[in-house]
Amino acid sequence: MRARPLRIAAAVLLSAAALPGAAQDAARGRQLYETHCGGCHYERVHQRERSRWQVSSLASLRVEVARWAAQLKRPFTLEDLDDIAEYLNRSHYKLEQ
Ligand code: HEC
């Protein structure tokens, strides 16, 4: 079948277009999040009404991620934080800026 590779290529192009120049790796972010953060609050935090989110922009999402990461014993690199923010944005917040 020829349609399938085309559809995948289109999806890759679309996600690249949505984030020009982004180097974040959402799959890696997901792994980090599930290992270090998810056990605590995924369900509750992600079922909240949008009006109750503490996060309203990509900048504030990064701040929240960094704030929570700083409370864990494990050191996180800036790249880790970017990847986690990217994953949360794609899976949940869907913020443009
Ligand atoms: C000890 C438990 C715990 C851990 C570990 C934890 N969190 Fe949280 N997190 C919470 C709680 C509780 C809230 C909600 C705080 C509130 O309602 O004021 C929250 C809120 C958040 C929010 C804001 C949600 C919103 O939109 O309102 C983000 C983003 C977040 N956490 C990211 C992370 C990340 C990233 C990590 C891992 C680096 C992490 N958290 C680890 C308990 C935790």
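Numbers here simply count residues along the sequence, with the first being 1. Just follow the structure's listing: the first ligand is 1, and inside any ligand the first atom is 1.
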Considering only heavy atoms of Tyr93, which atoms of ligand 1 have at least one such atom less than 4.0 Å away? 23 (C), 24 (C), 25 (C), 26 (O), 29 (C)

Could you pull out all residues at least two apart from Glu64 that satisfy salt bridge (Lys or Arg N to Asp or Glu O under 4.0 Å)? Arg67

Sub-4.0 Å atoms of ligand 1 with respect to non-hydrogen atoms of Ala69: 38 (C)

Are any of the N/O atoms in His36 less than 3.5 Å from those in ligand 1? no

Ignoring hydrogens and geometry, is there a side-chain-to-backbone donor-acceptor pair from Asn89 to Leu95 under 3.5 Å? yes

Would you indicate which of Arg67, Gln71, His92, Gln54 comes nearest to atom 15 (C) of ligand 1 when only heavy atoms are counted? Gln54

Between Leu72 and ligand 1, find which residue part has any heavy-atom pair under 4.0 Å and reply side chain, backbone, both or neither. side chain

Determine whether Glu96 and Leu58 satisfy the following criterion, side chain to side chain contact (heavy atoms under 4.5 Å, CB included), listing intermediate values before the conclusion. CA-CA 7 Å; Glu96 309 252 313; Leu58 281 181; over 6 Å; no

Element-labelled atoms of ligand 1 that are located less than 4.0 Å from some non-hydrogen atom of Cys37: 34 (C), 35 (C), 36 (C), 37 (C), 38 (C), 39 (C), 41 (C)

Check ligand 1 against Ile84 and write out every atom of the ligand that is under 4.0 Å from a heavy-atom position of the residue. 35 (C)

Quick check: is Phe76 connected to Tyr33 through a chain of hydrophobic side chains (ILVMFWY, heavy atoms under 4.5 Å apart)? yes

Residues that Asp80 engages under salt bridge (Lys or Arg N to Asp or Glu O under 4.0 Å), provided they are two or more places apart: Arg28, Arg74

Donor-acceptor pair, Asp25 side chain versus Asp83 backbone, under 3.5 Å? no

Per-atom contacts of ligand 1 with Cys40, taking only distances under 4.0 Å to non-hydrogen atoms: 1 (C), 2 (C), 3 (C), 4 (C), 5 (C), 43 (C)

For ligand 1, which is the ligand I care about here, please tell me if Trp68 has any N or O atom under 3.5 Å from one of the ligand's N or O atoms. yes

I need the atoms of ligand 1 closer than 4.0 Å to a non-hydrogen atom of Glu64, numbered in the order shown. 22 (C), 23 (C), 29 (C)

Are side-chain heavy atoms of Leu32 and Tyr87 found at a separation under 4.5 Å? no

